[in-house]
Structures are given as structure tokens and as C-alpha cells.
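Chain A is the first sequence line, chain B the second, and so forth, proteins listed ahead of strands; every chain is numbered from 1.
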2 protein chains.
Amino acid sequence: MDVRTVCLGLLSEADRSGYEIKKLLEDGPLGNFVEASFGAIYPALTRLTEDGLVEFRTEVQDGRPDKKTYSLTPAGRETFRKALAEPISPDRFRSDFLFVLWFAETLEADYLSEILDHRIAEFEAKIARIKSEHDRPEGPGPAFVAGQAIAIITAAKTYLEENRHLIEADSRTRIKTPRSFDATVLGD
Amino acid sequence: MDVRTVCLGLLSEADRSGYEIKKLLEDGPLGNFVEASFGAIYPALTRLTEDGLVEFRTEVQDGRPDKKTYSLTPAGRETFRKALAEPISPDRFRSDFLFVLWFAETLEADYLSEILDHRIAEFEAKIARIKSEHDRPEGPGPAFVAGQAIAIITAAKTYLEENRHLIEADSRTRIKTPRSFDATVLGD
DNA sequence: ACCCCCTATATCGGACCAACATAGGTTAGA
DNA sequence: TCTAACCTATGTTGGTCCGATATAGGGGGT
């Protein structure tokens with residue numbers, strides 16, 4: 001989903017500035033699945049304006065930089081409607097953490113335990129944040145998406161907690177029981 | 001995790017060509033969390049060679065293009081060891097699918113059901129593939145990573161199956177019960 | 001007084017992806 | 001038998017995007 005389409009989508013909900021779009025993607029539940037940097041958003045809005053899909057008015061603010069508030073044109077609304085019907089590309093889950101764990105056998109036991117603890121704590125914090133954000137429901141779509149975020153992160157956390165002994169034990173006793181592992185890792 | 005580090009990691013397991021690295025990331029369990037294109041891998045290997053972290057030998061093959069098989073130098077092995085101790089950047093889950101569902105209220109009921117069915121089927125296929133790949137265990141790290149992949153995808157699939165009625169029902173009856181949603185979405 | 005953070009727009013270097021180019025070999029179907 | 005599709009294998013190119021930086025005034029904390 002390119003940044004232009006993301007901008008169209010957020011502008012279909014309400015008129016917004018580039019800065020507001022960025023904040024929504026940083027702090028909002030949608031930000032768990034969609035990201036974009038300033039370096040992508042501002043050029044995207046410029047190009048959308050050139051193409052006649054959005055327009056903006058400059059709002060002079062007191063003690064703050066001027067704000068460019070963008071709104072969808074009818075052409076922009078139609079373009080977004082069509083974009084939603086396009087084939088959807090697959091989800092992409094990227095994890096440097098799991099890349100490191102791939103090499104668990106080569107890590108020191110203390111370091112391994114430390115990064116596992118740290119990651120579990122991060123997951124807990126993230127779950128708490130999404131839940132607190134969701135005291136104010138915004139409709140079935142957003143609620144559903146937030147729920148899916150919680151389901152996935154909870155599963156990841158639970159997996160780490162329940163299976164960490166498989167790699168932690170190994171890194172301490174790998175001379176004794178090399179390459180053995182509990183087959184139940186893979187479930188059934 | 002930049003592509004150069006990924007290459008060092010895979011070369012720390014065995015000597016490999018750029019093409020083999022790409023195939024491992026496409027088909028192997030690590031590919032669920034780490035990706036890289038040819039357009040990134042080949043320049044990365046060139047640069048690693050320039051920096052003295054890897055070296056290669058050209059293998060002339062019968063009826064096939066020559067293969068450049070890369071291997072780590074001691075400096076490369078040391079660089080990778082240090083890279084594993086660097087701070088780990090957060091996981092990133094990107095989903096165009098959930099972006100579309102964010103706008104579930106604006107989608108036609110048939111189309112919504114169709115993409116939900118499709119996504120659930122994709123998850124099932126992926127789970128089956130990872131499990132079959134894992135008939136041959138490769139050590140605790142890889143097994144653990146594959147297990148986490150299955151845990152996450154299973155959770156995502158289960159969530160879709162158990163909660164899809166919340167957005168499907170709504171898109172059919174949204175005039176009657178606008179913006180209502182089942183609070184149990186967010187679990188407890 | 002000093003520093004850090006917030007709002008707000010914008011640009012730049014570099015990393016990266018998707019697609020294409022090249023080239024011979026194999027497999028499968030009409 | 002032709003041919004279309006796919007596999008191995010390396011590489012380049014256009015364009016997208018991220019992370020950092022620039023600019024600039026205001027508010028809040030110590």
C-alpha cells in the first residue's frame with residue numbers, strides 16, 4: 001500500500017495536515033500495521049495535489065508554523081474507492097529479533113535471557129497501550145483492526161514465555177544435548 | 001537489519017551464492033521474518049567483498065551460469081558476531097489487508113466476505129508449508145523461529161474466524177446499528 | 001538561563017524493492 | 001515437434017521510502 005493511498009484513506013475520514021497524518025500513524029491503532037515517514041508523506045501530498053486528488057488550504061496559526069490542511073476532491077475519493085478494490089498484497093512481518101534468535105546457539109546465555117525479557121516487556125507495554133487507546137471506539141473497522149493487533153502480539157508474547165526454555169536450556173547445555181529440541185514447538 | 005548483515009549471518013552457516021541466499025529467504029522459515037531482493041543482495045555481496053568481510057570463488061557449472069560462492073573471512077565472522085550484540089530494532093508488521101479492513105464500513109458485504117475467506121485460506125496454506133518444511137529440524141534457533149511463525153499466523157487466522165462477524169454483520173445492517181461493536185473484540 | 005520537547009513543513013543521501021535484461025537448460029503440453 | 005513456461009544465475013535501473021537533518025518559534029521544567 002503506497003503512501004499516496006494511505007494519505008487518501010486518512011483524508012477520506014477527515015481533513016488533515018501532513019503532520020497530523022504522521023501522528024495518526026505513529027500513535028493510532030492503524031500505526032501497528034501501516035507506517036510512513038515525513039520524507040514520504042510530504043512529497044505524496046504534493047503529488048496528490050498536482051494530480052488533483054486532494055486540495056489544501058493554509059491555516060495561519062498563532063505561535064505555530066502555518067498548517068496546510070488537505071481535503072479530498074471527488075476525483076480523490078473515487079481513486080481511493082478503486083484502490084480498495086485492488087488485489088491486496090501479502091502481510092509482511094519483519095523481525096530483527098527473530099533473526100538474532102535464529103543464531104541462538106551462538107549467543108551467550110545471559111544476553112539471550114536479557115533480550116527475551118526485554119522483548120516480552122515490550123509486548124506487554126504495547127498491548128496495554130492499544131487497549132487504553134481503545135477506550136474510545138471509532139467504529140467496527142478500527143475496533144476489529146485493534147483487536148487483531150492485540151491477538152497477534154499476545155500470541156507472540158505467550159509463545160516466547162512458554163518456549164523460551166527450549167533455546168535457553170540449549171545454550172547452557174548444548175554440548176550435552178546438541179540439536180535436540182522439543183517437538184511440541186510446532187504444535188499440532 | 002540491513003542486507004549486508006543478513007548475508008553475513010547466512011554465510012556464517014555455510015558457503016553460499018547470492019542466488020542461494022535469495023532462495024533461502026524466499027522458501028525457508030527465516031523468510032517469514034527477513035526479506036531481501038536481488039537488487040539488494042548482489043550489491044551487498046560486492047561491497048562485503050570490497051570490505052574484506054567475505055571472499056568468493058567462481059564455480060563453472062555444466063549447462064548453467066557460473067556461480068559465485070561466497071565464504072566469510074575471519075573479519076566477516078567477527079563483524080557478524082558484533083552485529084548480533086547491537087541494539088535490536090522493533091518488529092514491524094505491515095498489512096495492507098488490515099488497512100483495507102479499517103474501512104470495512106465502506107466495503108460491499110460480498111467483497112468483504114471474499115477477502116476474509118481468501119486471507120484465512122492463505123494463512124492455512126502458510127501454516128501447512130512451514131510445518132512441512134520443518135520435518136527436518138535444523139537446530140533449536142531455527143525450530144524456535146519457525147514455531148513463533150506458526151504461533152503468530154495461527155493467532156491471526158483464529159482471530160479472523162472468530163471475529164469476522166463483527167464487521168460482516170455491520171456492513172449488512174449498518175443503517176440499523178451504526179458504529180455498534182462487540183466490546184469482547186478486545187479480549188481481557 | 002538552559003535544555004528539551006512540541007508543532008509544522010521540507011529536503012537529502014542512501015537503502016531497498018520490483019521489474020527488467022541476459023542466457024542457456026529443462027519440463028510439459030498442444 | 002514446436003513452444004511456452006519455468007529454473008538457475010548474475011546483474012542493472014527507476015522509483016519509492018526511511019532516517020536524519022534543517023528551519024523556526026513556543027512552552028515547560030530545573
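DNA chain D is contacted by Arg92(B), Arg94(B) of residues 85-101 of chain B, taking any non-hydrogen atom closer than 4.0 Å.
Remark: side-chain polar atoms of Arg16(A) are not paired, donor with acceptor, to backbone N or O of Tyr70(A) under 3.5 angstrom. Proximity of a side-chain donor or acceptor of Thr73(B) to a complementary backbone N or O of Gly52(B) within less than 3.5 Å is detected.
Residues in residues 36-45 of chain A take part in no salt bridge (charged side-chain N to carboxylate O under 4.0 Å, His left out) pair, two or more places apart or across chains. Every pair passing salt bridge (charged side-chain N to carboxylate O under 4.0 Å, His left out) that includes a residue from residues 147-161 of chain A is listed here, sequence neighbours excluded: Glu124(A)-Lys157(A), Lys157(A)-Glu161(A).
The six-membered or imidazole ring of Phe93(A) lies near that of Phe33(B), with a centre-to-centre distance under 6.0 Å.
Arg47(B) places its CZ atom 20 Å from the P atom of dT10(D), with the value rounded to the nearest Å. The interatomic distance linking Ile21(B) (CD1) with dG11(D) (P) rounds to 12 Å, in whole Å. The NZ atom of Lys22(B) sits 15 Å away from the C1' atom of dC7(D) (whole-angstrom rounding). Rounded to an integer number of Å, the gap from Ile41(A) CD1 to dC18(D) C1' is 11 Å.
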- Quick one: do Thr49(A) and Glu55(A) satisfy side chain to side chain donor-acceptor pair (under 3.5 Å)? Show the steps, please. CA-CA 6 Å; Thr49(A) 306; Glu55(A) 46 192 25; over 6 Å; no
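The two atoms that bring Ser37(B) and Lys22(B) nearest to each other are CA-NZ, 4.0 Å, heavy atoms only.
Using modelled atom types and a 3.5 Å distance limit, the side chains of Ser113(B) and Asp110(B) yield no donor-acceptor pair.
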- Quick tally for nucleotides 4-11 of chain C: nucleotides whose base has a protein heavy atom under 4.0 Å get B, sugar-phosphate-only ones S, the rest -, giving ---BBBBB
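There is a path of hydrophobic side-chain contacts, each under 4.5 Å, that joins Ile88(A) to Phe99(B).
Taking the side chain to side chain donor-acceptor pair (under 3.5 Å) definition, one finds that Ser89(B) meets it with Asp96(A), sequence neighbours left out.
For the helix from dA1(C)-dT30(D) to dA30(C)-dT1(D), the angle separating the two terminal helix axes comes to 30°, with each axis derived from five pairs and the value rounded to 10°.
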